[in-house]
Amino acid sequence: VALKVGILTGGGDAPGLNAVLRGVVKTLARRGHQVWGVLDAFEGLVEGRGRPLAYDDVSGILARGGTLLGTSNKGDAPRRLREGLANYRRWGLDGLVAVGGDGTLRHAYALSRLGARVVGVPKTIDNDVAATDVSFGFDSALSVAAGAVEALHSTAEAHGRIMVVEVMGRSAGWIALYAGLAGGGDVLLLPELGFDLRRVAAYVRERHRTRRYTVVVVAEGAASGADVARRLSRLTGIESRVTVLGHLQRAGSPTPADRLLGTRYGVGAAGLVLAGRWGRMVALKAGKLTSVPLASVAGKVRRVPKGHELLRAARAVGTCLGR
Ligand code: F6P
């Protein structure tokens, strides 16, 4: 029998959302199933706003940023899930694919507990979704952030300044760690590790005996970049500037890696739907596509573990981690 499957994209957008939509819709449509797009995440679910998504609708969107369906990360919709469930039933959905980060997946799990059949897909540039090695969007953010960290070296050196770059990552420092290391940042400040700015200042002073400049990468969840710049200047007497990368990290076309991951996750999610494996989230483990129970993801955050190999690598090459 032909299924009618809903799909929504929730939370802050991430490059690769359209690749996922394309993967889900094309896989299901080619087998004669119908896909129903829910607009603006849970907002559209509780307000009953949706539209059919046909094969042709998702043609040509693989490399496009944003999301065809719109998204939302505010409002009270997640607290009105019963209204959402009523629309799910009114639309005659056989199941729902929820593409999102920690918040969306938590609400999706709650919806499944109310009786909906749900499959999850891990999205977020922060890379902090539990139970998967990677969420799509992270590689695109990494590419923007690493490029910026690297590029700032030349202007920092020209002026002999401390250049502070604030990257995204509210609860986890994955972007700061990866982009900092890949961009050659001298100091990396992660929410997981905390930091002592007097130690950082001592590192900077020591470094400036032989070098003219320092590039500091700070995750927004560790401190505000402006704050770090101001305080470091005061402690070292060295002029500083701050660059906040902000939403540039989520903007524009997904990297090829995120187009691939989005496609794999989309096709994988459709596979779970076809196999009737509800209540699961597609995941990547050791490079392999797999799935995990939504219950093992909901309400959890994947942070950088203290013993992570890249932290050791950073220390080994003389990077200051704030302590
Ligand atoms: O979770 C993704 C993220 O980009 C975070 O890194 C950031 O803190 C947050 O979303 C910002 O969200 P917005 O500005 O869309 O409310």
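Atoms within each ligand, like the ligands themselves, are counted from 1 in listed order.
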> May I ask you to say whether Arg80 pairs ionically with Glu83, meaning some side-chain N is under 4.0 Å from a carboxylate O?
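Salt bridge: yes.
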
> In ligand 1, which numbered atoms sit nearer than 4.0 Å to a non-hydrogen atom of Glu220?
5 (C), 6 (O), 7 (C), 8 (O)

> Counting from 1, what ligand 1 atoms have a heavy atom of Gly169 closer than 4.0 Å?
6 (O)

> Go through ligand 1 atom by atom and flag the ones less than 4.0 Å from a non-hydrogen atom of His247.
13 (P), 14 (O), 15 (O)

> Report the C-alpha separation of His159 and Tyr213 in whole Å, then their side-chain angles, then the decisive distance to 0.1 Å, and conclude whether the ring pair (Phe, Tyr, Trp, His ring centres under 6.0 Å) test is met.
CA-CA 8 Å; His159 287 265; Tyr213 70 100; over 10 Å; no

> Quick one: nearest non-hydrogen protein atom to atom 11 (C) of ligand 1, plus distance?
Arg250 NH1, 3.5 Å

> Would Asp40 and Ser72 count as having a side-chain donor-acceptor pair, cut-off 3.5 Å?
no

> List the closest protein heavy-atom neighbour of atom 16 (O) of ligand 1: residue, atom name, distance to the nearest 0.1 Å.
Asn73 ND2, 3.2 Å

> What residue and atom, counting heavy atoms only, is the protein's closest point to atom 1 (O) of ligand 1, and at what distance?
Arg170 NH2, 2.9 Å

> Determine, for Arg51 against Asp57, whether the closest basic-nitrogen to carboxylate-oxygen distance falls under 4.0 angstrom.
yes

> Between the side chains of Thr236 and Arg205, is a donor N or O closer than 3.5 angstrom to an acceptor N or O?
no

> Is a salt bridge present between Asp102 and Lys300, judged by a nitrogen-to-oxygen distance below 4.0 Å?
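Between Lys300 and Asp102 there is no salt bridge, as every charged N stays at least 4.0 Å from the carboxylate O atoms.
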
> Tell me the protein heavy atom at minimum distance from atom 6 (O) of ligand 1, and give that distance in Å.
Asp126 OD1, 2.7 Å

